[in-house]
Protein chains: 2
Amino acid sequence: MADKPGIEINLTAVIMAVEGDRPVIFASSQGKERPAGLPSGPFDPVHHRTLELGLRGFAVDQAGLELGYVEQLYTFGDRGRHVPEDIETHPDALPHVVSIGYLALTRIAGEVQTSASFRDLYRYFPWEDWRGGKPAVIDSFILPALHRWAGCVEEEKHAPVRRGLSREERIALYFGNEDLLFDEEKVLERYELLYDAGLVAEAIRDRRLPISSEVPPLGESMVFDHRRILATALGRIRAKLKYRPVVFEMLPESFTLTELQRKVEAIAGHHLHKQNFRRLVETGGLVEPTGQQTTTGGRPAATFRFRREVLTERPAPGLRLGRGT
Amino acid sequence: MADKPGIEINLTAVIMAVEGDRPVIFASSQGKERPAGLPSGPFDPVHHRTLELGLRGFAVDQAGLELGYVEQLYTFGDRGRHVPEDIETHPDALPHVVSIGYLALTRIAGEVQTSASFRDLYRYFPWEDWRGGKPAVIDSFILPALHRWAGCVEEEKHAPVRRGLSREERIALYFGNEDLLFDEEKVLERYELLYDAGLVAEAIRDRRLPISSEVPPLGESMVFDHRRILATALGRIRAKLKYRPVVFEMLPESFTLTELQRKVEAIAGHHLHKQNFRRLVETGGLVEPTGQQTTTGGRPAATFRFRREVLTERPAPGLRLGRGT
DNA sequence: GTAATAGTGTCTTTCAGACAGTATGAC
DNA sequence: GTCATACTGTCTGAAAGACACTATTAC
């Protein structure tokens, strides 16, 4: 039971908001061209009573934000995934940082605040935003590159895959094909697939691969495993939208149904069927009219507020969002 | 970036199986009357390449089991939840163990093996097994005790509850009432509620409460936060049954549909509608007939096996189980 | 035959998903 | 009037949930 030297627990926060109809996250970088990083720091039990309080502390220090909604995502044991070759001779060279990722949701106040450091989430995952139709990069670059990578291992393709999926199966399952839809929740699976295939900058960094000349890495990279944590966060919130009223953490007190729909679409990454969305939101008892109206160009819209009572009425109050037009 | 002294990462495994129609978990205790504990141990990066490999090591050492399916549950920062009063003067007395809980699913081989240490899961959560109807302990003891506890804080009841639910709201939401069903997935929420109300032995231990004379603590207790991890595991697998074919990890190669249903019911904690269950399983493409039959007392049953292909055909292949007869 | 377990056919209600159409503002 | 946005009414098909009924063994 002696102290294990050399283990550090790192807390990392994905602080998410929606600015207009663009999902944003808080990130900062040392220099203009350096990869960005999420607010994070070491957990120190002498100063932080709980893990979550430690995380909230870093959010105040590094982002100037008092967090409201916070949830734990996952604990990663291999922050720098690269395992040095001289592992036998230098066991201390082993990874010794365990990072615990958290998701926090917040509102962007109308003011400027530190808003300069809230960045568009889809800069890091350009293949995840389908609101303008299927992102061109998927067919023009991702799928060809993945299939090339899968083709490298002919022997594996026919070998009985030991507990797991073949490369081609993963590609089909996570990016879709004629039979299978693109499942917007599988954000982490897609990122990990691209990482394994060496198509994101972090993979090149961790495995010390040569930087391929004409193949541009996909999306902006981040330090350590921060983009993996970000992928976990996006996958989690996309799933959670459907059974928990989490969107309202990112909305102002009152809003129109169209605003609500825009924000949901921003996170979900695709458009929704307008009429059905309104029906679900209203018959689901998620919102109630404020009686006020806004004027936004066309016919004035009624404004609504979140109905807190829904939490104590229905077991899983979310926005069962199907796909839409 | 200096090493933080005094932080230890503990890995804890919930190893679950279904023996006949009883869900069991692996646990062991030092003495006959001592609380049991789950397989666990410190994560040591010098010997374990990843967190999960470390966990698998403890499973082999302490349970003699090679684990198949493993998933991470949650990371708890407050294993011994009690915070000493002299916190200011003795900061080293603070909790400094972070436990990462894992869920592993396995088959119980027909042989005896270490099966002596597989124990009925519902010994630890007697209020979670509704297969014989609503457990009597809920109405006879749990709800009266919880309402007494909620009644202690009249002032809180009317105060605006700061980000969160009132005691009465939690009781209704997690144990159900006339309007709200008992939601079988909220296992952790129920355990935490009972903990907060001082109705489980761990709460008395952690807060050094006097042991109430006539109030018997609910269920068997466990060391440290192991029962909390177990509650997390049960909640997680009950949820996951519905969208992932995880039951099959606990079933033999071939089985009858009734056997399958019994095992699902064992985990879900309530009975299912037989005809609908069969329809869902077959039309969902989760199983395929083996062509064999078994003889089990009445009409022989056709045996089935898990259809692996379903993983690559449908996005969320689970057993959308509604309640049943 | 009865008891016990396995399996089929069909009806009803709910609701996701889509259609078309109307209402109220700015200009 | 047109354009733009907000909102309403209704149809359809899939599937969850429940009903009654038939089938094949052991005894």
Side-chain angles (χ1 to χ4, degrees), chain A residues 20-21 181 183-184 241-243 254-265 268 270-305 314-325, chain B residues 20-21 181 183-184 241-243 254-265 268 270-305 310 313-325:
Chain A
D21 62 356
L181 289 168
D183 179 349
E184 87 261 8
L241 276 182
K242 290 165 192 155
Y243 60 94
S254 89
F255 45 81
T256 67
L257 292 186
T258 304
E259 277 165 18
L260 173 60
Q261 186 178 346
R262 291 271 170 283
K263 307 248 182 204
V264 171
E265 289 172 339
H270 59 80
H271 285 300
L272 299 168
H273 192 268
K274 181 169 169 172
Q275 294 91 323
N276 292 343
F277 179 82
R278 300 173 95 93
R279 178 178 55 192
L280 287 176
V281 163
E282 288 187 273
T283 65
L286 283 163
V287 298
E288 60 191 358
T290 60
Q292 308 293 102
Q293 291 204 331
T294 41
T295 161
T296 41
R299 170 174 171 177
T303 63
F304 292 80
R305 72 170 75 86
R314 307 203 317 151
L319 302 156
R320 283 187 214 343
L321 14 113
R323 323 220 134 224
T325 322
Chain B
D21 61 356
L181 289 168
D183 180 348
E184 87 261 8
L241 276 181
K242 290 164 191 155
Y243 60 94
S254 89
F255 45 81
T256 67
L257 292 186
T258 304
E259 277 165 17
L260 173 60
Q261 186 178 346
R262 290 271 170 283
K263 307 248 181 204
V264 170
E265 290 172 339
H270 59 80
H271 285 300
L272 299 169
H273 192 268
K274 180 171 168 171
Q275 295 89 324
N276 292 342
F277 180 81
R278 300 172 94 91
R279 178 178 55 194
L280 286 175
V281 163
E282 290 187 273
T283 65
L286 283 163
V287 298
E288 61 191 357
T290 60
Q292 306 294 101
Q293 292 205 331
T294 41
T295 160
T296 41
R299 170 173 171 178
T303 63
F304 292 80
R305 71 170 74 87
V310 77
E313 288 169 2
R314 306 202 318 150
L319 302 157
R320 291 193 204 340
L321 14 112
R323 321 218 137 227
T325 323

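Numbers restart at 1 for each chain; the letters A, B, ... are given by sequence-line order, proteins then strands. Quick note: numbers below take in every heavy atom, side chains included, and nothing from hydrogens, waters or symmetry partners.
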Polar side chain donor-acceptor pair, B/T256 to B/T294, under 3.5 angstrom: no
Closest to side chain of A/L280, choosing from D/dA16, D/dA18, C/dA16: C/dA16
[X] has an atom [atom1]; how far is it from atom [atom2] of [N], in whole Å?
X: A/L181; N: C/dG17; atom1: CG; atom2: C1'; result: 14 Å
X: A/E259; N: D/dT5; atom1: CD; atom2: P; result: 13 Å
X: B/L260; N: C/dG7; atom1: CG; atom2: C1'; result: 15 Å
X: A/F277; N: C/dA18; atom1: CZ; atom2: P; result: 15 Å
X: A/N276; N: C/dA20; atom1: CG; atom2: P; result: 14 Å
X: B/H273; N: D/dA15; atom1: NE2; atom2: P; result: 18 Å

A/Q261 (side chain) donor-acceptor with A/L272 (main chain) under 3.5 angstrom: yes
Those residues that, when tested against A/Q293, pass side-chain contact (heavy atoms from CB on, under 4.5 Å) (two or more places apart): A/P300
Bend angle of the helix from C/dG1-D/dC27 to C/dC27-D/dG1, from helix axes over five pairs at each end, nearest 10°: 10°
Which residues pass the salt bridge (Lys or Arg N to Asp or Glu O under 4.0 Å) test with [X], sequence neighbours left out?
X: A/R279; answer: none
X: A/E282; answer: none
X: A/R278; answer: none

Nucleotide N/O of nucleotides 6-10 of chain D paired with protein N/O under 3.5 Å:
from, atom 1, to, atom 2, distance (Å)
D/dA6, OP1, A/T258, OG1, 3.3
D/dA6, OP2, A/T258, OG1, 3.0
D/dA6, N3, A/R299, NH1, 3.1
D/dC7, OP1, A/A302, N, 2.8
D/dC7, OP2, A/R278, NH2, 2.4

salt_bridge(A/K274, A/E265) N-O dist < 4.0 Å: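 Looking at A/K274 and A/E265, the cut-off is not met.
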Minimum side-chain heavy-atom gap A/L286-A/F304 below 4.5 Å: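 Heavy-atom side-chain distance check fails, nothing below 4.5 Å.
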